[in-house]
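Comments concern the structure below.
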Amino acid sequence: MPNADWSFPSDHATASFAIVAAFAMQSLPRRTLTFFVIAFLICWSRIYIGTHYLTDVIGGAVTGIVAALAVRLAYRENSRLDTLVTRIL
């Protein structure tokens, strides 16, 4: 049954490529490759079953990568943000 909430960008693509980008930024090539293959299969499945168009998936992948980069640039250990987040968790 098709999803009633069609969206741009694809949430699945956004989440899976954010994970790939996070592992890539940690210089973990084998894990990055593994997660990239999984992310690709997730994205392909969304197109294959007709839940998303190719542009939805590409938009999600770009959004996930940009979000991961933004977090990487904004977050620093032992910063105020780190202290705040650590206290919350």
Side-chain angles (χ1 to χ4, degrees):
M1 181 165 132
N3 188 353
D5 182 26
W6 300 86
S7 66
F8 174 86
S10 165
D11 295 338
H12 287 84
T14 302
S16 62
F17 271 93
I19 292 167
V20 170
F23 276 91
M25 288 184 286
Q26 292 297 320
S27 300
L28 299 167
R30 291 172 75 194
R31 290 181 185 167
T32 300
L33 180 60
T34 300
F35 283 118
F36 176 80
V37 170
I38 292 168
F40 177 82
L41 292 173
I42 290 169
C43 293
W44 179 80
S45 73
R46 306 311 290 168
I47 296 167
Y48 182 78
I49 64 173
T51 304
H52 287 288
Y53 294 109
L54 177 62
T55 53
D56 297 342
V57 170
I58 292 170
V62 170
T63 302
I65 292 167
V66 168
L69 287 170
V71 168
R72 173 72 177 212
L73 292 172
Y75 184 79
R76 299 281 182 240
E77 281 191 63
N78 300 319
S79 67
R80 284 183 170 172
L81 178 61
D82 181 41
T83 305
L84 176 66
V85 170
T86 303
R87 267 191 271 155
I88 292 171
L89 297 176

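Keep in mind that the numbers below use all heavy atoms, side chains included, and drop hydrogens, waters and symmetry copies.
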N/O donor to acceptor pairs below 3.5 angstrom from side-chain atoms of residues 16-25, sequence neighbours left out:
residue : atom : partner : partner atom : Å
Ser16   : OG   : His12   : O            : 2.9
Ser16   : OG   : Ala13   : O            : 3.3

Would Trp44 end up clustered with Ile49 when hydrophobic side chains under 4.5 Å apart are linked, directly or stepwise? yes
Residue set satisfying side-chain contact (heavy atoms from CB on, under 4.5 Å) with Thr55, at least two apart, ordered chain then number -> Tyr53
Working to the nearest 0.5 angstrom, can you tell me the gap between Ser10 OG and Arg46 CZ? 6.0 Å
Name all residues meeting the side-chain contact (heavy atoms from CB on, under 4.5 Å) criterion together with Val85; count only those two or more places apart in sequence or in a different chain, and write none if there are none. Leu81, Leu89
Kindly compute the distance separating CD1 (Ile47) from CD1 (Ile58), expressed to the nearest 0.5 Å. 7.0 Å
When hydrophobic residues are tied together by side-chain contacts of less than 4.5 Å, even through go-betweens, does Ile42 share a cluster with Phe35? yes
Measure the spacing between CG of Leu41 and CZ of Phe36 and express it to the nearest 0.5 Å. 9.5 Å
Let me confirm one number: the CG-OG1 distance from Leu28 to Thr34, rounded to the nearest 0.5 Å. 10.5 Å
Could you pull out all residues at least two apart from Leu84 that satisfy side-chain contact (heavy atoms from CB on, under 4.5 Å)? Ile88
